[in-house]
Amino acid sequence: MMSWIVTTSLRLRLLVVACAAMLLLGGVEVARQATFDVFPEFAPPVVEIQTEAPGLSTEEVESLVTVPLEQALHGASWLASIRSKSVLGLSSVVLVFEDGTDLLRARQIVQERLAVEAARLPAVAHPPVMLPPLSAVSRVMKIGITSKTMSQMEMTEVAKWTIRPRLMAVKGVANVAIWGQRDRQYQVLVDPARLLAHGLTLDAVTRAAGDAVVVAGGGFIDLPNQRLAVQHLAGVTSADDLARTVVAFRGGAPIRLGDVAEIRVDHPAPIGDAVVNDVPGLLLIVEKQPWGNTLSVTQDVDAALALLAPGLTGMEVDATIFRPATFIDRSLANLRDALVLGCLLVVVVLFAFFYEWRAALISVVTIPLSLLAASLVLYAMGNTINTMVLAGLVIAVGVVVDDAIIDVENIARRLRLWRLQRGTRHEADESESLFAIVRDASLEVRSAVVLASLIVALVLLPVCFLPGLAGAFFRPLAMAYVLA
């Protein structure tokens, strides 16, 4: 079979050269479209469900929310394990599925079971929320926001209602979490002594404060030729408006919220802080979807921030705190440098020892040809171009060059010997002789080269069967090396 491959390739050499050129161009184009990431996807498909239960203790959350959800989700198709965590007012259930499970199908199965059980949870519990799908290395950027003129509440309003919605619209972004946020609130701080003096209950204060800010429809008025909607305008636009809200009447005189409580604009008790460049600020965590491209998502987020920049006056936005895309760019640059250096070394060595420009050209072309062919196979298999794949390709450069030099050097040696025997004069039948010499010279070393390549592949074969985290990390390296 090897003899047929070499002979056919020599007879159809123009077609082989054309196919090689097409492979180079196609490989470059596919490499541009491939998904780039820092590490391979090392975690199995995961679906996380969070349920808020304000006011419930940890034990109540566990018994009333977490356990019922676990029992409802047990037995789901392709489910490997369930992990849960219950804290004060919050339940988290994590479902781990078998490797290779379609994440979207798994989420659909979970959603169907969740819809049935959600109606049976206590009334105090909020509806369970399925978190967006995330990859194992989902964080693509951390954006720091600081200001010398704006408070954290003001920055939170801009981040929550301007920056986050724009970033969530970027293709591939799954979630944008805000750390250190301070949500603006109208706070009613009741004074128990004043409440007792006016003979009011806390429930009355709560009901009055809620009714003051309620939004409801005002109905409509029909005219002979049209219908006009009646808009209900909320009367609370400031803390003073809320303070003037009537709670009850005593002796014909109104008792207002400001008479029994302090009304102010403030933020709830913080559950976290963000310090950016040694000053308090906000930290936006941008997370990507499992199928998102880290490089393209990062570039699109940068473009979105550039569009928002004119409206973010008074705020300093630092998008360089955490950027895996920078690491990927440097890795690709290192691979490019390794290829260029490898090609230069091949050219120098072949020219220094053989003085054959054609031999140098053939050996140099084999390097990108082999690496791009390996990248095409990895892309067809759905693998990302990550650090481990790049490491495998870089390590394979030495073997690829070695195989090419062995083959080309033997052909050049046989051709020199033939020319010495025949002299410099060419006859009409010399083309057939050259064909046979090139074919025989290639076949002479082909078995040894193929055997050596098979030995290298067999040595790395056990790596492809490594289980767990080690296999997830080193399997792409071994596959990229062997394919190249």
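Sequential numbering from 1 along the given sequence is applied to the chain's residues.
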Rounded distance [0.5 Å steps], CG in Leu443 versus CG in Asn410 | 10.5 Å
Intermediate values then yes/no, side chain to side chain contact (heavy atoms under 4.5 Å, CB included), Leu295 and Thr298 | CA-CA 5 Å; Leu295 286 182; Thr298 302; 5.9 Å; no
Assess whether atom CZ of Arg83 is packed by more than 12 heavy atoms of other residues, nucleotides or ligands within 6.0 Å.
-> no
In chain order, what residues pass the side chain to side chain contact (heavy atoms under 4.5 Å, CB included) check against Arg166, with sequence neighbours excluded?
-> Ala169, Val170, Ala304, Leu307, Leu308
Got a second to check how far Gln108's CD is from Gln111's CD, nearest 0.5 Å?
-> 9.5 Å
Can you tell me which residue pairs pass the side chain to side chain donor-acceptor pair (under 3.5 Å) test with a partner in residues 448-473, sequence neighbours excluded?
-> Asp403-Ser453
Can you run down the side chain to side chain donor-acceptor pair (under 3.5 Å) pairs that involve residues 270-282, sequence neighbours left out, and say none if there aren't any?
-> Arg182-Asp273
Gln181 versus Thr156, side-chain donor and acceptor atoms under 3.5 Å = no
So, the side chain of Arg32 versus the backbone of Gly27: is there a donor-acceptor pair under 3.5 Å, distance only?
-> no
Not counting sequence neighbours, which residues clear salt bridge (Lys or Arg N to Asp or Glu O under 4.0 Å) with Arg330? List them please.
-> none
Say whether, by atom type as modelled, one donor and one acceptor occur between the side chain of Ser296 and the main chain of Asn293 under 3.5 angstrom.
-> yes
Taking Gln71 for its side chain and Pro68 for its backbone only, find out whether a donor-acceptor pair lies under 3.5 Å.
-> no
Under the salt bridge (Lys or Arg N to Asp or Glu O under 4.0 Å) test, which residues partner Asp102, sequence neighbours left out?
-> none
Between Pro54 and Val124 the two heavy atoms that sit nearest each other are O-CG2, 3.3 Å
Selection residues 88-99 - residue pairs positive for side chain to side chain donor-acceptor pair (under 3.5 Å), sequence neighbours left out | Glu48-Ser92, Thr66-Ser91
Is it true that a side-chain atom of Thr7 and a backbone atom of Ser3 form a donor plus acceptor pair closer than 3.5 Å?
-> yes
Would you check if the side chain of Thr101 reaches a backbone N or O of Phe97 as a donor-acceptor pair within less than 3.5 Å?
-> no
Close side-chain approach of Thr8 to Ile5, heavy-atom, < 4.5 Å = no
Heavy atoms only: give me the nearest Ser375-Leu393 pair and the separation to one decimal.
-> OG-CD1, 3.9 Å
Go through the structure and list residues passing salt bridge (Lys or Arg N to Asp or Glu O under 4.0 Å) with Lys160, not counting sequence neighbours.
-> Asp183
pair Arg139-Ile285: side-chain heavy atoms closer than 4.5 Å = yes
Closest heavy-atom pair and its distance - Arg113, Gly75 | NH2-O, 3.3 Å
Could Lys171 and Asp300 be called an ion pair, given the rule that one side-chain N must be under 4.0 Å from one carboxylate O?
-> no
Keeping the roles fixed (side chain from Arg164, backbone from Ala159), state whether a donor-acceptor pair exists under 3.5 Å.
-> no
Gap between atom NE2 of His74 and atom CG of Leu69 - 0.5 Å precision = 11.0 Å
Residue set satisfying side chain to side chain contact (heavy atoms under 4.5 Å, CB included) with Cys19, at least two apart, ordered chain then number -> Leu15
Donor-acceptor under 3.5 Å (Arg446 side chain, Met2 main chain) | no
Indicate yes or no: at least one non-hydrogen side-chain atom of Leu283 is less than 4.5 angstrom from one of Ile321.
-> yes
What are the two closest non-hydrogen atoms of Ala174 and Leu134, and how far apart are they?
-> CB-CD2, 3.5 Å
Do Asp407 and Thr366 touch side chain to side chain, with heavy atoms closer than 4.5 Å?
-> no
Roughly how far, to the nearest 0.5 Å, is the CG atom of Leu95 from the OG atom of Ser81?
-> 8.5 Å
Arg107 CZ to Ile49 CD1 distance, which is reported to the nearest 0.5 Å | 9.0 Å
Can you check whether Leu10's main-chain N or O pairs, donor with acceptor, with Arg13's side chain at less than 3.5 Å?
-> yes
How far apart are the closest heavy atoms of Ser9 and Val16, and which atoms are they?
-> O-CG2, 3.7 Å
All pairs passing side chain to side chain donor-acceptor pair (under 3.5 Å) where residues 382-400 contributes a residue, at least two apart = Thr384-Asn386
Please tell me if the side chains of Trp179 and Leu282 come closer than 4.5 Å, counting only heavy atoms from C-beta onward.
-> no
Could you go step by step and tell me if Leu23 and Leu372 meet the side chain to side chain contact (heavy atoms under 4.5 Å, CB included) rule?
-> CA-CA 8 Å; Leu23 180 60; Leu372 288 175; 5.6 Å; no
Those residues at least two apart in sequence (or on a different chain) that pass salt bridge (Lys or Arg N to Asp or Glu O under 4.0 Å) with Glu154 are none
Please list every donor-acceptor pair under 3.5 Å in which a side-chain atom of residues 142-149 meets a protein atom from a residue at least two apart or in another chain.
unit_1: Ser147; atom_1: OG; unit_2: Thr149; atom_2: N; d: 3.2
unit_1: Ser147; atom_1: OG; unit_2: Met150; atom_2: N; d: 3.0
unit_1: Ser147; atom_1: OG; unit_2: Gly314; atom_2: O; d: 2.5

Note, Ile82 side chain near Val94 side chain (heavy atom, < 4.5 Å) = no
Taking C-beta and beyond as the side chain, do Leu103 and Val47 meet within less than 4.5 Å on heavy atoms?
-> yes
The reported gap from CD1 in Ile437 to OG in Ser442 (rounded to nearest 0.5 angstrom) is 13.5 Å
Passes side chain to side chain contact (heavy atoms under 4.5 Å, CB included), Gln50 versus Leu131? Steps please.
-> CA-CA 7 Å; Gln50 290 188 357; Leu131 298 188; 3.7 Å; yes
Could you tell me which non-hydrogen atom of Pro133 sits nearest to which non-hydrogen atom of Trp291, and how far apart they are?
-> CG-CH2, 4.2 Å
With a 4.5 Å limit on heavy-atom distance, are the side chains of Leu434 and Trp418 in contact?
-> yes
With sequence neighbours left out, the residues meeting side chain to side chain contact (heavy atoms under 4.5 Å, CB included) with Leu483 are Ala374, Val377, Leu378
Short side-chain to backbone donor-acceptor contact, Arg184 and Met153, under 3.5 Å | no
Does Phe322 CZ have over 12 foreign heavy atoms under 6.0 Å away?
-> yes
Side chain to side chain contact (heavy atoms under 4.5 Å, CB included) evaluation trace for Thr51 with Val129 | CA-CA 6 Å; Thr51 308; Val129 176; over 6 Å; no
